[in-house]
Structure formats: structure tokens, C-alpha cells
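Take a look at the structure below.
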Protein chains: 2
Amino acid sequence: MKRPTIADIARRAGVSKGAVSYALNGQPGVSAATRQRIIAIAEEIGFNPNSAARALSGATSNAVGLTLCRPARTLGIEPFFMELISGVEAELSARSYALTLQVVADPDAEIAVFRRWWGERRVDGVLVCDLRVDDRRVPVLEQLQLPAMVIGGPGHTGALANLWVDDAAALVEAVEYLVALGHRRIARVGGLPGLLHTEIRTRAFTDLRDRLGLSQAVTVPSDYTGEEGGRATRRLLSSPDRPTAILYDNDVMAVAGLAVAQEMGLAVPADLSIVAWDDSALCRLVHPALTALGRDIPAYGTHAARRLLAVIAGGPADGFQDQNAHLTPRGSTGPAPRDS
Amino acid sequence: MKRPTIADIARRAGVSKGAVSYALNGQPGVSAATRQRIIAIAEEIGFNPNSAARALSGATSNAVGLTLCRPARTLGIEPFFMELISGVEAELSARSYALTLQVVADPDAEIAVFRRWWGERRVDGVLVCDLRVDDRRVPVLEQLQLPAMVIGGPGHTGALANLWVDDAAALVEAVEYLVALGHRRIARVGGLPGLLHTEIRTRAFTDLRDRLGLSQAVTVPSDYTGEEGGRATRRLLSSPDRPTAILYDNDVMAVAGLAVAQEMGLAVPADLSIVAWDDSALCRLVHPALTALGRDIPAYGTHAARRLLAVIAGGPADGFQDQNAHLTPRGSTGPAPRDS
DNA sequence: CTGAAAGCGCTTACAG
DNA sequence: CTGAAAGCGCTTACAG
């Protein structure tokens, strides 16, 4: 099939190509009647502007880039990213933007992708996930002046716009709930060290431990995978002073932790309480369902996309705080065991 | 920062823009020495060809489209798609192709996206997931002559290329294993009705029931979500002649089924054996780990992407059979209970 | 309000 | 082997 162009429309409407462009883009320069006629013809023949031609003259690609830096198997099981992408998509498609996705092996590859996208003019801006402490991607994006929206913070985002949530507050909410249930030996299985939000949570956990005098509150670093989360749990539960409650930095590790407790013959929540961070469907899939710190991740993605489009449109690169996570108690948490 | 163009390279090399293009694209028409010099300069200044300009003259966008037709929450928890995408990505990025992703609400929206992408020349080809019986997307893609690779089949793919696996054979492998363990009352919680592979599996299950004389082998239709999978399980296990083994059409429903069994006080596998289809990390996350019909989904995506690129390059739109799923026995299956 | 024309940065026949 | 030029399909100043 031959694709229609503005030349076809111009011929049928008896006007110039320029007039067609003005009419279709809502620019002044054509009369209302002419505009109407042109739009009608465009709809009738199913016209869609060639995105390459548009990008080449307008210098805007109408695409946004997102890089994911996780191995295939891990990406699949972690609901966070797909939920985020769904939300991002909702906003982008409503504004006729495309999402260009690239899975990369490491931060260096990610920087290379940013440079290539910039050079190719492939995308108008990028979303940056998994912000690290002193993230090396930040200065590169600043230097390229590629519009960017960092999903993470606060801090370490340089001059880039960002969207963040107060993880420290959420952590306090979860731990204080466990303390209220009588738990004193509370452990945390943390996410990947080096990620900013992991560090923020670890810091908040340590501060809280000191404030509440929970001498044994310890963070075991992990990597978000079920394997590592299970292993960390096994180690924790094998200690003579085993914790009566464990807080996990994601849902995947919490589910793996539940399986380890069952494997070791411990009842949840009678012997061990479990709290997951990220309240995906995964938490309601298991028995008992997991108490979780949750928030609306698709909405977070939508918000981030909207802000990125604003930056692309020339708006200021501000920082915004999104809604905090809140605790949803379910069957995996209960009073601390008597003899503990 | 100013983006370098072939004009910049041409000036520095003292040649024409055409020569630069030939040199960089490996076309004949420049001497080896000139080519070397041009490539060196391009690397030195970090040149990347403007993708829009390239697409506009070459009529190829170097992007491939993928649509996902599932709600945000469901997409997040189903590992299949992210694993597929990872595999697709591996092949595409190795060949400098971008992946354009769009989440859609229904098949009509999906068709509209295909038409728009075609009109915009946004993508050179598309990957088609979730093939249905008499899929309405197929004739549209045929008519548009948009290169496509259907992930599914066999059959119902018209003149489009496709990649498929023999789900009937995999189903037979799983059910015969359960029968060998002594199970006679075997149920299946099926995927979304209307999807071709669901129908193929249902047909194979019915045929096998007749062949083996398993009078009570019944398929309960479901929708791949944990909620529905759990509900179907609850109904099955509440019947007086409850099954001693259940086969689930995906991993998510199988995990939900395990939780329901635990909730109802049934031991797995002593009272109930469970088999999952799709062997993601999810199956090893729970206790007991789930026996599963698995195959390498990232490799499947890689294969599909490679085939699509071959079609885009002008190759024939053939059908290919990929490696079948095979059963990995784990703790969720065992001998049928004595009193059954 | 409208038309003719330049230009975005490439690719690719077409001459030399 | 190399250069000059047309063309891809838009957008956007610039004249009328």
C-alpha cells in the first residue's frame, strides 16, 4: 500500500503542502474552513505524518527512551518495571509519543546508549531508573543536554529533573508497626547496595534502631532476586537469636523469604512476621498474603512521563515528591511470639 | 552540544558527503584508505547517524514495534513478557535496531497502533503476541504489507511469518507424568479462551482424557491472573470428587493455586500435585517449588526478533517451530494419595 | 490568509 | 574511485 503524504492531501484540497502542515498542526495561517476541509481529507485517507520527516525538520522525534539495567530473568520476575512501563505508556500514548526501550548490561552500556540516542536524535528525552549514589549517568546527560527525568532521589540528580518518594518515612511506618506488635528482633533484607534508595533505607533503618534501642536490628544486603533473598533469610533464621520479623526491600525477596520460613518449619506469622516493600499482585498470590509497603507504581510512571514531557517542552527541570508508600497489613504479620 | 553530521566528517576528511556515507555503510565506491580515514574520524568525533534522516532517505526506521495487550497490574506479574522482551532486545540491540513498545487496551487499539506505525513509518516491522483464533490483526498486517512476525501458531497466521511451539506435545508430557504417578482425577486451569494456544491445549487435554479414559479431566477456563486462578482452584478443591492434580496454564495461576491449597489445609504434594506452565523464577520462589513445563523464553524472543529482521530484509515469511517446553519435576508433584 | 521555497541530514543513482 | 545533485516528507520563515 502507498502511504499518503501531505502532498496527496494538498492536491486533493487544492492548497499548498505548507497549508496542509499548518492546518494539521493547529498553527495559524489557514482559514477555519480550509482547516476543516484539510482535516476531513486527512482523516478520510487515513493520513499519519511520516515520523522521520517530522523529526528531521522539526528536530523532535516524538519518542522517549527508557533503559533497563537488569538481566532477563530478573527483569521478568520483578513486577516493578512492567508496572512502571505501563504507567509511562499510558501518558505517552495519550500524547502520541512512542516509548523506545533498551535493555542494557551495565551502567557503561547505558551511558553508551544515551550517547547514541542523542547522536541519532532517536529520542527527545529519557527516563532514568535505579539512581545510584553519585550516579555517573547524571553528568553525561547534563553535558549532552538531553532532557531527562530521574526516577529517584532526593539528591544526586545534579541539574536533572527528578521524581522521588520519601522511603525513610515509609520504613519508619513499617518498623514502628512491627514494634507495636511487640517485635524487638527485627531484620531487614536490603536491595542492591549502591542504589540511592537502598542507601536511604539503610540509613533510616540504622537511625531508627538507635532511636528505639533495637540493638539487633540488622540489614543484610541482597540484590532483589529470590535466590539471594531466600539465602539471606536462611542465614538470618539459622542464628540462635533469630529475628521475629523481617522487612524485605522488594516483593520478590519477601515471597522467597516466606518459602524459606515454610521450608524451615516456621509458621508465618506465629513464629515470624514478614513485610514486603512494593505491594504488587505477588504479595496477594501467596499464603498467607504479605503485609506490604505499597504505592501506585503505574501512577508513578505516568507522573514521571508527564514531567519528562514538560521538560522536553522547555519547562524547568525541577524535583517533585510523589505520594509515599503506605503499609497494608495482611496475614504475614502478627504479634511477636511470647517466648521471644 | 552540537551533533556531528556527515558534512562535518566530509569537511575534515576532504571528501564529499556521499563518500562518507559509502564509507560508513560499507558500500563500494571508496578506496580502502579513504574508508579507513573516514571511519577513524567518525569514531573520533563520536558520530552517530541521525536516525530520522536515515529513515527518510533509506525508508527504513531501524525500529521494531511490539504491542502488549494486558492491563498494567497483570503485565507486571506475568514474567513471560518481560523475559520475551529481554530476548528480543538482545537481538535487536546487537543489530542496532530499537524496540518501540506500546501497551494497548484491546485488539482494536492494537490494530489502530499498527496502522499508525505503518503510516508514520515509525517501525520496519512488528512482533505479534497473543495470537487468537481467526485473529483480526492478521489480515490488517497482510493488507498493510507491514513485515510481521507472529509469536504463536501453528495456523491462523495467514501469510505472515510465525514462530511456534508444540504445546500439545508438552501437555501430553505433563499429563502422562501425572498419570504415571497414579493420578486419575486431573484438572486443568486454562488461560484466556480465544487465544490460539489456549484452544490448542484444551483440545489436546480433551483428546488425552478420551485416550487415557480420565473421565473427570476437566478444564476450568481462567485468565492468567492470580485472582482468577485462585478462585478456579478453590472451586475445584471444594468439589466432593476433588482432583488430586492440577495443571495450570501459567506460573502465576499455579502459585495462586498453591496458596489456595495451603489456605484449605491441603498438603502439596501429599494431597494435591501442582504443575505450572511457564517455568519462571516464580516457580522456584515458593515452597514447595513448582514442577513446571518450561522453555527458554528469552531465547524464544531472540529467535523471533532474528526471524523478523530476516523478513524485514526481504526474506520469505515462513513458519518455524521452536524448541518445545519440557517438564522439570520439583517438590509440588508426587504420587497420588492412596485413598483417592 | 495563502503559496513558493529552503532546509533538516542522510542515501543513492548519475556523471565524470 | 570520487564529486555534485536529487530526493525522502515534513516544517517554517518569507513573500505576496
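Computed from heavy atoms alone, side chains included, the values below leave out hydrogens, waters and symmetry copies. Just so we're on the same page: letters track the sequence lines, and every chain starts at 1. Quantities reported herein were computed from a predicted structural model and do not represent experimental measurements.
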| request: Could you tell me whether the side chain of Asn25(A) and the main chain of Gln27(A) form a donor-acceptor pair under 3.5 Å? | output: no
| task | Please confirm whether the backbone N or O of Asp134(B) pairs with a side-chain atom of His156(B), one donor and one acceptor, at under 3.5 Å? | result | yes
| Is there side-chain contact between Phe81(B) and Leu75(A), with heavy atoms separated by less than 4.5 Å? | no
| query | Any side-chain heavy atom of Leu141(B) sitting closer than 4.5 Å to one from Val128(B)? | reply | yes
| remark: Across every strand shown, the nucleotide meeting Watson-Crick or G-U wobble geometry with dT2(C) (both distances under 3.5 Å) is dA15(D)
Between [N] ([atom2]) and [X] ([atom1]): distance, integer Å:
| X | N | atom1 | atom2 | answer |
| --- | --- | --- | --- | --- |
| Arg121(B) | dT11(C) | CZ | C1' | 14 Å |
| Ile6(A) | dT2(C) | CD1 | C1' | 15 Å |
| Asn62(B) | dT11(C) | CG | P | 10 Å |
| Leu56(B) | dT11(C) | CG | C1' | 10 Å |

| query | What residues, two or more places apart in sequence or in another chain, satisfy side-chain hydrogen bond (donor to acceptor under 3.5 Å, both in side chains) together with Thr34(B)? | reply | Ser31(B)
| query | Within the structure shown, what part of the strands sits under 4.0 Å from Val20(A) by heavy-atom distance: base, sugar-phosphate, or nothing? | reply | nothing
| task | Go through residues 38-53 of chain A and report each residue with a non-hydrogen atom lying under 4.0 Å from DNA chain C, sorted by number. | result | none
| Heavy-atom contacts under 4.0 Å between residues 21-34 of chain A and DNA chain C, which residues? | Gly29(A), Val30(A), Ser31(A), Thr34(A)
| task | Report yes or no: is the cationic atom of Arg35(B) (NZ for Lys, CZ for Arg) under 6.0 Å from the centre of the six-membered ring of Tyr22(B), at an angle within 45° of the ring normal? | result | no
| task | Go through the side-chain N and O atoms of Gln102(B) and Arg116(B) and say whether any donor and acceptor fall under 3.5 Å apart. | result | yes
| OP1 or OP2 of dT11(C) sitting under 4.0 Å from any side-chain N/O of Arg54(B)? | yes
